[in-house]
Amino acid sequence: MLDIKRLRNQPDELRQAIGRRGVEVPLDEFNELDRQRRQVLVEVEEKKAIRNRVSGEIAAAKRAGEDAAGMISDMKKVGEEIKALEIVLRDIEGRLEDIVMELPNPPLPDVPTGRDESANITLRTFGEPTMFAFEPKAHWDIGADLGIIDQERGTKVAESRFTLLRAEGARLERSLINFFLDLHTREHGYTELFPPILVNSDSMRGTGQLSKFAGEEMYKLRDDDLYLNPTAEVPITNLYRDETLPEEQLPIRVTAYLPSFRREAGAAGRDTRGLIRQHQFNKVELVKFVRPETSTQELESLTLDAEEVLKRLELPFRTVTLCTGDLGFASAKTYDLEVWLPSYDDYKEISSCSNFLDFQARRLNIRYRSGGGKPRFIHTLNGSGLAVGRTFAAVLENYQNEDGSVTVPQVLREFMGVDRIG
RNA sequence: GGAGGGGUGGCGGAGCCUGGUUGAACGCACCGGUCUUGAAAACCGGCAGGGGCCUUGCGGUCCCUCGUGGGUUCGAAUCCCACCCCCUCCGCCA
């Protein structure tokens with residue numbers, strides 16, 4: 001959520017920055033509502049001040065045994081006026097909030113301007129697209145032939161876009177999770193968490209998953225105010241909602257493995273085969289809570305932490321800077337990691353690392369106190385480290401052999417116990 | 001799920017029955033000062049968050065907030081209703 005004061009004090013700067021995303025700031029409407037709000041607010045507060053003062057006088061009069069009937073009836077009238085004005089005020093504030101909540105985070109200056117993903121900029125690449133001396137198979141065929149991915153039975157038990165993993169498949173999934181978590185906790189300094197997989201609507205709203213526009217994407221429980229976790233960002237970033245953290249605690253860097261669930265309501269026909277787009281998928285998430293001054297460099301290190309996973313797996317990938325048109329609503333800057341996927345003959349997103357600045361923290365009310373000063377909003381960042389299902393697919397496809405077997409990447413062998421599947 | 005108790009400032013803990021200088025006693029922690037060679041102790045002072053207006057600034061002033069949301073009242077931390085959360089006992093259970 002945008003700082004309403006910035007909208008007042010630096011409207012042109014914001015209009016320009018947000019305009020780079022192709023979003024127009026309704027400044028005239030905002031200014032008019034903001035003016036009205038202040039006008040009504042002043043009026044209400046003046047009346048309240050009168051009521052408070054006279055109520056004190058009534059108390060004094062009664063104590064002195066004097067008659068206060070006149071003052072009481074006057075205040076009764078003032079009270080009614082206050083009530084009426086407050087209704088007006090609430091309406092104005094509601095409309096003001098609608099405007100502010102619909103405004104996305106202004107992109108950082110070094111984010112390239114562009115309409116869609118074609119304007120993203122490749123920052124660096126690792127390895128080369130895998131070459132095969134034979135006709136490579138897609139991971140869904142590799143997995144089915146090896147008996148480690150069972151799409152039919154996943155669908156039988158749940159519905160389409162659910163998958164059953166079997167034997168080395170199940171083991172590979174677990175190995176990836178363990179490898180990711182071990183790397184981030186032992187070498188990158190993250191603290192491991194295991195949060196609830198169901199989250200309430202306050203948490204969903206806090207990270208913006210339940211805005212006016214989003215909401216059909218989540219699985220909601222019928223009898224409780226709870227949702228299946230759509231991304232580990234939700235339970236983790238909400239950890240410190242409504243808290244003021246001591247400065248010494250920052251930065252806080254946490255990682256968590258968490259199953260994630262999405263209805264993929266708008267994705268009919270997209271990525272229908274294989275593990276790329278599932279209703280249920282595993283993810284290891286990286287989240288940071290940092291001092292504002294450090295968030296720029298924390299995004300760089302967060303991205304490198306995610307990249308390291310792919311490097312150790314020796315999977316070809318590239319890192320791209322998202323342009324303004326491809327940037328998520330709450331993000332001020334995002335790097336996507338894209339892994340080479342032979343079946344797509346292209347790079348496919350496997351991690352998204354974002355700096356939200358204080359945009360999330362403001363809505364979540366997460367602050368820190370530095371020295372004896374006033375609390376300030378912290379900055380939050382997150383990134384996948386990595387999406388497990390997509391990594392699974394990338395391993396199968398990039399490590400497949402002509403005989404249909406799959407070589408286990410070196411770093412996974414201690415977890416898998418074998419150096420080859422099939 | 002049943003019964004009872006409780007949610008107050010960074011923490012502890014009064015106030016609630018009997019509504020009225022209680023944004024909140026008192027203690028601790030913290031910050032500043034006096035004292036001291038230094039420190040501790042002692043003493044003095046400060047010490048919640050948000051918002052509006054005024055002010056170059058220092059600051060001043062008003063409003064809101066005692067789990068959340070409604071209600072009663074001239075006036076609510078105090079009374080009423082709903083919801084949320086925590087604790088104890090019982091039940092159930094991986």
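In what follows, chains are A, B, ... by sequence order, proteins preceding strands, each numbered from 1.
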inquiry  = Can you check the distance between B/G9 and B/G71, where both ends of the measurement are the P atom (answer in whole Å)?
reply    = 25 Å
message = Checking A/Leu146 now: which residues fulfil side chain to side chain contact (heavy atoms under 4.5 Å, CB included) with it, not counting sequence neighbours?
response = A/Ile142, A/Ile148, A/Val406, A/Ile421
request  = Look at all strands and tell whether A/Leu41 reaches a base, only sugar-phosphate, or nothing, counting heavy atoms closer than 4.0 Å.
outcome  = sugar-phosphate
Contacts of A/Asp28 that satisfy side-chain hydrogen bond (donor to acceptor under 3.5 Å, both in side chains) - sequence neighbours left out = none
remark   = With sequence neighbours left out, the residues meeting salt bridge (charged side-chain N to carboxylate O under 4.0 Å, His left out) with A/Glu264 are A/Arg277
remark   = With sequence neighbours left out, the residues meeting side chain to side chain contact (heavy atoms under 4.5 Å, CB included) with A/Val411 are A/Phe179, A/Arg312, A/Leu313
remark   = Applying salt bridge (charged side-chain N to carboxylate O under 4.0 Å, His left out) to A/Glu192 and not counting sequence neighbours gives none
ask   = Looking only at atom C1', what distance separates B/C66 and B/A77, rounded to whole Å?
value = 5 Å
C1' gap between B/A24 and B/G13, integer Å = 12 Å
request  = Taking atom C1' in both B/G51 and B/U56, compute the distance separating them and give it to the nearest angstrom.
outcome  = 23 Å
task = Look at the side chain of A/Arg37 and the backbone N and O of A/Leu89, then say whether any donor-acceptor pair between them is shorter than 3.5 Å.
result = no
message = How many whole angstroms separate atom CD of A/Glu93 from atom P of B/G50?
response = 17 Å
B/G27 versus B/A14 - spacing of their P atoms, nearest Å = 15 Å
task = Would you mind pulling out the nucleotide paired to B/U78, Watson-Crick or G-U wobble, both distances under 3.5 Å?
result = none
request  = State which residues pass side-chain hydrogen bond (donor to acceptor under 3.5 Å, both in side chains) with A/Glu117; sequence neighbours excluded, sorted by chain then number.
outcome  = none
remark   = Residue set satisfying side chain to side chain contact (heavy atoms under 4.5 Å, CB included) with A/Pro246, at least two apart, ordered chain then number -> A/Glu248, A/Gln249
task = Figure out the CD/P separation between A/Glu243 and B/G50, and round it to whole Å.
result = 16 Å
message = With a 3.5 Å limit on both atom pairs, tell me what B/A3 is paired to, counting Watson-Crick and G-U wobble, or say none.
response = B/U88
ask   = Is the A/His184 ring parallel, tilted or perpendicular to the A/His188 ring (thresholds 30°, 60°)?
value = tilted
request  = Grab the CD-P distance between A/Glu80 and B/C74 for me, whole Å please.
outcome  = 9 Å
key: A/Pro375, nearest nucleotide to its side chain (from B/G51, B/G50, B/C74)   = B/G50
key: d(NZ, A/Lys5; P, B/C53) in whole Å   = 11 Å
Scan nucleotides 60-64 of chain B against the protein and return all N/O pairs shorter than 3.5 Å with their distances rounded to 0.1 Å.
| residue | atom | partner | partner atom | Å |
| --- | --- | --- | --- | --- |
| B/C63 | OP1 | A/Asn52 | ND2 | 2.9 |
| B/C64 | OP2 | A/Asn52 | ND2 | 3.4 |

key: Nearest-Å distance for atom pair CD1/C1', residues A/Ile72 and B/G20   = 11 Å
query = Is there a Watson-Crick or G-U wobble partner for B/C47 with both distances under 3.5 Å, and if so, which one is it?
reply = none
request  = Determine whether A/Glu247 and A/Arg369 make a side-chain contact, defined as any pair of heavy atoms from C-beta on separated by less than 4.5 Å.
outcome  = no
inquiry  = If we check side-chain contact (heavy atoms from CB on, under 4.5 Å) with A/Glu285, which of these qualifies: A/Val254, A/Ile236, A/Leu193?
reply    = A/Ile236
task = Identify, residue by residue, the members of residues 81-91 of chain A with a heavy atom below 4.0 Å from RNA chain B, and return them in order of residue number, or none.
result = A/Lys83, A/Arg90
note = Taken in chain and number order and not counting sequence neighbours, the residues that satisfy side chain to side chain contact (heavy atoms under 4.5 Å, CB included) with A/Thr294 are A/Val290, A/Arg291, A/Glu298
task = Remember a base hit wins even if backbone is also touched, and classify A/Arg362 as base, sugar-phosphate or nothing at under 4.0 Å, heavy atoms.
result = nothing
key: Comparing A/Arg367 and A/Ile58 on RNA chain B - which has the more 5′ nearest nucleotide   = A/Arg367
task = Could you tell me the separation between the NZ atom of A/Lys62 and the P atom of B/G19, rounded to a whole number of Å?
result = 11 Å
request  = Describe the nucleic acid contact of A/Lys47 in one word from base, sugar-phosphate, nothing, applying a heavy-atom distance below 4.0 Å.
outcome  = nothing
inquiry  = In this structure, how many angstroms lie between the P atom of B/G52 and the CG atom of A/Leu96, rounded?
reply    = 11 Å
Strictly under 3.5 Å: I want the nitrogen or oxygen pairs between protein and nucleotides 77-79 of chain B, one per line.
none

task = Check the distance between B/C83's C1' and A/Asp202's CG and give it to me in whole angstrom.
result = 12 Å
query = Has A/Arg369 got a side-chain N or O lying under 4.0 Å from the OP1 or OP2 atom of B/G10?
reply = no
Nearest-angstrom distance, C1' atom, B/G60 to B/G70 = 36 Å
message = Using only atom types and a distance under 3.5 Å, with no angle test, would you say the side chain of A/Asn398 pairs donor to acceptor with the backbone of A/Ala394?
response = yes
ask   = Using atom P of each nucleotide, how far apart are B/A39 and B/G46 to the nearest Å?
value = 23 Å
note = residues 230-253 of chain A vs ring-ring contact (aromatic ring centres under 6.0 Å, His included), sequence neighbours excluded, gives A/Tyr240-A/Phe289
key: Pairwise P distance, B/G59 and B/C47 [rounded to whole Å]   = 12 Å
query = With respect to the phosphate group of B/G52, does any side-chain polar atom (N or O) of A/Arg8 fall under 4.0 Å of OP1 or OP2?
reply = yes
query = If we call it a pair only when both distances are under 3.5 Å in a Watson-Crick or G-U wobble match, what pairs with B/U61?
reply = B/G52
